[in-house]
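Here it is, the structure in full.
FYI, side chains are in, hydrogens and waters are out, and symmetry mates aren't considered; it's all heavy atoms of this structure.
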Amino acid sequence: MDRGTERDGAVAEQAASGRIPLAVVVVDREGLVSHWSSGARRLFGAAKEEALGRPAVDLLPVSGALPEDDDVSPYGAYAAYDGLGHDLESSLDGRLYYPAAGRARLTVPERDRVDVLWWAYPLVGPGPERLLVLGADVGRLQQDDQEHDGDTRYERVAPGFALHTDFPGAEELARKLPEILPSMSVDDSARIVGQILELGYPVLEFSQNDRVPVTPDWGVPRRVERRARRERAARAAAQGLPLPQEDPDDVENLEYAAVRERLEFLNEVSGRIGTSLDLSRTIIEVSKAVVPRFTDVAGTYLREQVVAGEGFPEGVPDTTTMWHRVAVEHTDEPGRWDDVVPVGEAMPFPAHTPFFQCMTTGDPVLVPRISEEMGHAIASQFEKRDIRPLITGRSMLVVPLKARDVVLGFMILLRHPERPVFNDMDRVTGAELAARAGLVLDNARMYTYQESVAETLQDSMLPHIPPRMAGCDIATRYLPGTLLGRVGGDWFDSVKLPGARTALVVGDVMGHGLNSAAMMGQLRTAVQTMAALDLPPARLLRNLDDLAQRLGDTYLATCLYAVYDPIASELHIANAGHIPPVLVRAEDGRSELLDLPTGAPIGVGGVPFEAVRVRVEPGDRIVMCTDGLVEVRGEDIGVGLATLCESAAHPAASMDDACDTVIRSLNTRGGRKDDVALLMARLNGIEPEDVAEWRLPLDPVEARRARAVVREQLHDWGLGGLADSAELMVSELVTNAVRHSHSRPVELRLVRGDTLLCEVDDDDHDLPTLLNAGPTDDVGRGLRVVSVLARAWGASRTSTGKAVWFELTVPRR
């Protein structure tokens with residue numbers, strides 16, 4: 001343990017007076033020792049010549065477990081286990097594939113019993129090495145503890161051991177470990193260093209809060225530095241130059257430089273990806289970050305549900321999981337990959353492929369060279385396309401894109417045959433790169449998923465308005481805002497009213513988020529309910545304001561409520577703090593903002609509302625929208641209103657085209673953050689010859705007259721095929737109206753349009769109810785007949801009573 005490192009703190013200073021000598025042992029795939037350090041000779045009592053080539057278990061003689069009352073070690077008793085410990089024995093036998101740590105008591109010649117702490121690192125890769133074992137003498141710790149006898153923190157506390165990656169001493173381990181492995185190549189040493197830094201750094205835990213990193217005391221000179229100095233001196237002598245004056249601190253270990261270079265690369269990549277929460281842009285950023293510096297080809301595959309912004313079941317993928325190819329970045333000639341592996345293709349992967357292994361284990365898969373056999377196996381997954389020329393002979397690394405232990409996808413990285421193959425350090429680098437990319441992609445995925453949920457919620461709250469109402473055509477648009485969550489309080493609606501009239505509504509709850517959307521839902525429902533009562537516009541807004549007061553004073557809302565009467569050719573409009581509507585005149589194409597009493601927003605309370613009547617002509621259009629369409633930060637709202645008037649006046653082939661023209665004109669301006677609701681209605685009107693009205697005295701015999709006038713009128717309109725059904729239903733409604741009216745005559749109206757509308761008004765406020773009439777019941781059959789024969793029917797209260805209506809489909813001419 002390094003006392004000179006201030007970052008290790010007081011624990012390192014008081015835990016040991018020097019450094020802990022470490023024994024370093026490397027075991028090959030046959031379980032034989034391939035490296036035996038001088039520290040191993042001192043700790044285990046066997047010379048290097050005796051150890052190399054022998055089974056590792058023969059060189060670690062076990063004495064047996066310490067008894068419970070053994071006080072030889074100041075750190076307490078070992079576990080009652082007669083052996084090296086299950087993890088170390090499993091590691092030596094090749095049955096353990098993760099780093100482990102433990103302790104054992106060994107019998108060493110000339111030293112009797114030795115208490116040892118050990119750390120084991122499984123090694124993977126093309127080399128013969130299988131296991132790296134580090135060992136430390138507990139007796140040395142005992143000596144250090146006696147030197148610090150006054151420090152009570154270490155009394156009667158058994159040292160634990162762990163593997164951590166967050167101690168600064170890891171850099172020294174990375175720098176010095178290759179020096180003690182002189183028989184290995186630079187690449188092999190770097191590979192082992194990279195794996196140890198990935199798996200963890202040896203740490204002693206003296207208590208719950210005191211952790212001391214183990215810094216190795218190698219006891220050997222820096223062979224790499226000495227060799228580098230000799231080479232530089234030889235070059236200088238050959239060129240006749242003076243010998244360079246070397247500063248040991250300026251000489252950097254090549255292996256450590258490789259590790260540092262990879263870390264710099266990862267930091268650079270981390271800074272380039274994740275600049276946006278847009279999933280598509282994030283995928284492109286990840287692909288471009290690794291080509292060409294790390295790889296020549298990068299193909300990215302994501303789960304089908306990730307691309308769609310949907311959730312997916314837990315558990316590992318299987319052979320039925322569909323993977324979408326979302327990006328292919330490469331340095332080959334343009335178009336070489338596009339036809340063979342097009343972006344957007346979805347496919348499953350068989351179990352025998354390295355891709356399936358990567359996505360099911362969540363671990364990188366390294367293929368140094370793709371053989372012809374493997375190239376053929378991979379190509380067999382692509383029907384009628386031969387990808388073997390693109391992949392055979394290349395080095396391949398498949399890395400998982402995962403977050404929170406869930407595999408979202410994977411990247412296939414390929415290097416050209418003339419480029420060095422991927423090695424184990426590349427595998428570690430690729431795994432770290434994929435882990436960082438996976439988190440960024442998961443953030444984008446979750447954002448996309450939340451957007452989808454929010455939009456679904458918003459859509460569920462918005463009505464589906466039929467394009468045709470009595471005497472008018474309607475088109476609507478809703479644009480979610482660009483704020484996070486994309487949920488707002490804007491809404492539009494239309495309600496069918498008695499007398500072939502239509503209520504048109506646009507509103508905006510101030511604020512954003514689910515609470516605003518919930519408030520919007522309540523207000524929209526209230527407007528529908530009060531509109532069905534046929535309340536005048538000003539009275540409806542007054543009641544809506546009272547309701548908002550009862551719901552609380554947290555939210556305010558603006559609302560524009562208009563009632564269109566196609567027979568009288570007028571609009572009856574009231575405004576509650578909303579931007580005024582635009583009226584486009586059909587006669588000359590002129591557009592204007594209607595001058596309405598502004599009124600206060602809903603929720604202010606105590607402010608009166610006024611309504612005005614506006615004369616309109618057939619073909620006129622009214623445009624109602626929320627302020628998100630015309631208001632841009634830093635710009636006067638008058639500019640947006642002027643643009644709205646200009647764009648609304650443009651001729652269009654259809655109502656949908658007219659809406660799109662308005663949206664294009666105003667939505668292209670930068671700075672829009674709010675959501676937008678737009679409702680446009682073409683006020684076609686109803687010609688007088690398409691309306692027939694009668695006033696019927698309160699006499700039961702009037703039902704017979706009603707049948708007669710309806711049959712005659714339908715024949716005059718050329719709708720004789722509807723006469724029988726209409727006559728029967730009118731008779732039932734008039735009979736009920738005459739029976740329940742008090743003093744005012746019953747009014748009967750027929751309106752011819754896309755449908756045949758029949759309305760019967762009386763002065764009774766009780767709405768009829770559909771009943772199940774029994775065989776002996778005298779009432780209840782009339783509405784049953786209407787509900788069966790009519791295309792649609794309903795009843796609503798009016799200011800003077802009620803109206804019951806039904807519609808019949810008009811045959812196409």
Side-chain angles (χ1 to χ4, degrees), residues 278 451 455 458-459 462-465 467-468 472-483 486-494 504-510 512 558-562 564 571 573 575 577-596 598 614 616-684:
D278 180 79
E451 273 191 327
E455 290 179 5
Q458 188 81 52
D459 290 343
L462 294 174
H464 297 283
I465 297 177
R468 284 184 175 274
C472 63
D473 299 331
I474 300 176
T476 60
R477 291 292 185 274
Y478 176 80
L479 298 176
T482 58
L483 296 175
R486 299 169 65 100
V487 177
D490 292 19
W491 89 91
F492 48 73
D493 208 346
S494 70
L504 306 172
V505 191
V506 169
D508 182 4
V509 176
M510 298 181 185
H512 295 86
T558 63
C559 184
L560 188 64
Y561 184 82
Y564 172 55
L571 285 168
I573 310 177
N575 189 6
H578 204 80
I579 61 173
V582 173
L583 185 63
V584 182
R585 297 293 183 177
E587 182 179 3
D588 53 10
R590 178 175 50 87
S591 63
E592 60 177 321
L593 286 172
L594 293 182
D595 186 13
L596 307 177
T598 303
V614 179
V616 294
E617 299 298 331
D620 289 354
R621 284 182 288 138
I622 184 172
V623 181
M624 305 162 65
C625 67
T626 54
D627 58 4
L629 184 62
V630 297
E631 192 172 32
V632 174
R633 179 172 296 181
E635 181 181 279
D636 188 272
I637 193 173
V639 176
L641 291 174
T643 305
L644 174 63
C645 288
E646 180 182 356
S647 60
H650 287 172
S654 67
M655 292 294 292
D656 284 331
D657 290 342
C659 280
D660 291 339
T661 299
V662 171
I663 293 296
R664 281 195 301 268
S665 300
L666 288 131
N667 202 41
T668 54
R669 301 178 305 157
R672 185 182 69 81
K673 299 295 183 182
D674 203 357
D675 46 347
V676 171
L678 170 66
L679 184 149
M680 184 181 297
R682 182 166 54 213
L683 311 176
N684 300 319

Residues which pass salt bridge (charged side-chain N to carboxylate O under 4.0 Å, His left out) with D588, listed by chain and number, not counting sequence neighbours: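 D588: salt bridge (charged side-chain N to carboxylate O under 4.0 Å, His left out) contacts with R590.
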
When the side chains of residues 577-586 are checked against the rest of the protein, which donor-acceptor pairs come out under 3.5 Å, sequence neighbours left out?
unit_1, atom_1, unit_2, atom_2, d
H578, ND1, T558, OG1, 2.8
H578, NE2, C625, O, 2.7
R585, NH1, R615, O, 3.1
R585, NH1, D620, OD2, 3.2

Nearest heavy-atom neighbours spanning S647 and T661: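 Nearest heavy atoms, S647 then T661: O-CG2, 3.9 Å.
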
Pairs satisfying salt bridge (charged side-chain N to carboxylate O under 4.0 Å, His left out), at least one member in residues 639-651, at least two apart: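 For residues 639-651, and leaving out neighbouring residues, there are no salt bridge (charged side-chain N to carboxylate O under 4.0 Å, His left out) pairs at all.
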
Reported CH2-to-OG1 distance for the pair W491 and T476, which is rounded to 0.5 angstrom: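 Going from CH2 on W491 over to OG1 on T476, the span is 15.0 Å.
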
Qualifying residue for side chain to side chain contact (heavy atoms under 4.5 Å, CB included) with L666, from L678, T643, V676: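 Looking at L678, T643, V676, the match for L666 under the side chain to side chain contact (heavy atoms under 4.5 Å, CB included) is T643.
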
Set of residues satisfying side-chain contact (heavy atoms from CB on, under 4.5 Å) with respect to P467, sequence neighbours excluded: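 Result, side-chain contact (heavy atoms from CB on, under 4.5 Å) vs P467: none returned.
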
Non-neighbouring partners of R477 that pass salt bridge (charged side-chain N to carboxylate O under 4.0 Å, His left out), sequence neighbours left out: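 Listed in chain order: D656, D660.
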
All side chain to side chain donor-acceptor pair (under 3.5 Å) counterparts of S654, not counting sequence neighbours: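 Partners of S654 under the side chain to side chain donor-acceptor pair (under 3.5 Å) test: D657.
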
Nearest heavy atoms of Y478 and D675, plus distance in Å: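 Here Y478 and D675 meet closest at OH-OD2, 3.1 Å.
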
Side chain to side chain, T626 and F492, heavy atoms closer than 4.5 Å: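 Counting from C-beta outward, T626 and F492 never come under 4.5 Å.
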
Contact check, side chains of I663 and L629, non-hydrogen atoms, under 4.5 Å: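 Yes, their side chains come closer than 4.5 Å.
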
